Number of protein chains: 2
Amino acid sequence: MKRTAPILPSALAELLPATLHVLCATITLGKGSYLFKAGRKPACMYFVVSGELTLERPGAQGESIILQRTRQGFAAEASLQSASYHCDAKAVADTVIVSIPIRELRTMLEQDPAFALRWISMLNRELKRLRLQCERLSLNTVQDRLCHLIETEGRGGRYPMGSGLKSIARELGVSHEALYRCVASLEKGGKLHRVGGDLVQAGVSG
Amino acid sequence: MKRTAPILPSALAELLPATLHVLCATITLGKGSYLFKAGRKPACMYFVVSGELTLERPGAQGESIILQRTRQGFAAEASLQSASYHCDAKAVADTVIVSIPIRELRTMLEQDPAFALRWISMLNRELKRLRLQCERLSLNTVQDRLCHLIETEGRGGRYPMGSGLKSIARELGVSHEALYRCVASLEKGGKLHRVGGDLVQAGVSG
DNA sequence: AGATGGGTATGATCGATATCATATGAAAAG
DNA sequence: CTTTTCATATGATATCGATCATACCCATCT
């Protein structure tokens, strides 16, 4: 784990009041290393900039249960209120994280109503995204999930596949092979095209 | 749609400041009726007490895309900030809803920091629940999903099946037949028992 | 008592996907 | 320049679950 001067992504810089900016730190985690372990008292809130962080805890059968998987955004927001972590946070890839001290964050939320409302907006957007993802994962074919993704997260039938089809597959909860086949089949049927780095849905519009 | 004097569920009564209590109204919706339609300006925030409410909008291919499905809790929290609804809200069963005026809600969030923090707590809990559900829906067998549900939403390996296995099946995103079979098979293997109205996981504890 | 409806349950079938294997091309590393 | 690695791709196979059908039990209604 390495700490450096805070370089905030713009989403975070616009959300947080200036007072908090200087209190943030950037942390880089190597694949397989832990950000925190269960039992520890939360001192910071974490924002994943890149890579992938999972929150997990052991299940009754000894297997590890994944509670959350964050590739971009806040992890363990609930630690804002809780007295101790109930899970481990593990980087499953090389990961860059920004930490924000909870104590000062809480103080600012209490003292700055505009900030509190921005924070609530952020949580609302996050909720919306997660609800969409749940609905998507409830669909039972790869094609349905992919189309739902393009319709809801894309813009005008275009969805950027920045990090590749493989990572989209994980997001859709399907194997990458299945996704490759699905995309190939949709392309063959003329219902989908790859333009630049985007997946573009052929508008039936009729 | 029928409006009556506000009878708030305790979760809501404890969350909202007293000032807002009297401004709430209870609404009962018959199966198939709409709470609001896309385009309208949001005036109220809605809390589903019982029944089931979906938010949907038409997809590019004409099919209807479900954005959210609420059986208990807030629906369309994001309407707190948005200028108009982007979807329809439809009761897919006879449904009881409490409405809270957005304008006054926002005012209170700005003026009452303690309330704002309670609201943030509520959103955090909701996020936590949804993240768990996403992880659960990413599991590919019925058994894995059921065990994950019991481990994460239950208490000490017990999960109440209050509304029956059929509704749990919907929550798990599987057919009820598949769930019946899964439960039967786990019971046969001694890994699960039905005690009272609960599903009880046999602790391997060794 | 008979009818109706819903949850529970189980059987049979079919299709979709996970999984394993293999191949190719591009980029990165040596 | 060769080697390694990784995303992309496609084939073969086995399995799990969706779906349709049937049946039972229990509550409610008539």
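No experiment lies behind these values; they were computed from the predicted model shown. Every chain is numbered from 1 and lettered A, B, ... according to where its sequence line falls, protein lines coming before strand lines.
Residue contacts shown for A:T141 are limited to sugar-phosphate atoms, with no base heavy atom under 4.0 Å away. Among the atoms of the strands shown, none is found under 4.0 Å from any heavy atom of B:R145.
If you take CZ of B:R170 and C1' of C:dG6, they are 12 Å apart, rounded to a whole angstrom. Put simply, OH on A:Y180 is 16 Å from P on C:dT17, counting in whole angstrom units. Regarding A:D144, its CG atom lies at a distance of 11 Å from the P atom of C:dA16, rounded to whole Å. With rounding to whole Å, A:L179 atom CG is found 15 Å from C:dT19 atom P. Taking atom NE2 on A:H176 and atom P on C:dT17, their separation rounds to 15 Å, with Å as the unit. Atom CG in A:N140 sits roughly 14 Å away from atom C1' in C:dC14 (whole-Å rounding).
Distance alone, capped at 3.5 Å, places no donor-acceptor pair between the A:R158 side chain and the A:D198 backbone. With hydrogens and angles ignored, the 3.5 Å screen pairs a side-chain donor or acceptor of A:H21 with a backbone N or O of A:A13.
Of all nucleotides in DNA chain D having an atom under 4.0 Å from a heavy atom of chain A, the first and last in 5' to 3' order are D:dA7 to D:dA18.
Set against C:dT19, C:dT10, C:dT8, the side chain of A:E177 has C:dT19 as its closest nucleotide.
Atom-to-atom distance recorded for A:T95:OG1 and A:L35:CG is 9.5 Å, nearest 0.5 angstrom. A distance of 7.5 Å separates CD1 of B:I102 from OH of B:Y46, quoted to the nearest 0.5 Å. In this structure, A:F74 CZ and B:L127 CG are separated by 11.0 Å, a value rounded to the nearest 0.5 Å.
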Using distance only, find each side-chain donor-acceptor pair of residues 129-136 of chain B under 3.5 Å and give its atom names and separation, not counting sequence neighbours.
| unit_1 | atom_1 | unit_2 | atom_2 | d |
| --- | --- | --- | --- | --- |
| B:R129 | NH1 | B:E126 | OE1 | 3.2 |
| B:R129 | NH1 | B:E126 | OE2 | 3.1 |
| B:R131 | NH1 | A:E77 | OE1 | 3.0 |
| B:R131 | NH2 | A:E77 | OE2 | 3.1 |
| B:R131 | NH2 | A:E126 | OE2 | 3.3 |
| B:R136 | NE | B:H148 | ND1 | 3.2 |
| B:R136 | NH2 | B:T152 | OG1 | 3.1 |
| B:R136 | NH2 | B:E153 | OE2 | 3.0 |

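Nearest-nucleotide positions on DNA chain C place B:L165 closer to the 5' end than the other of B:L165 and B:R181.
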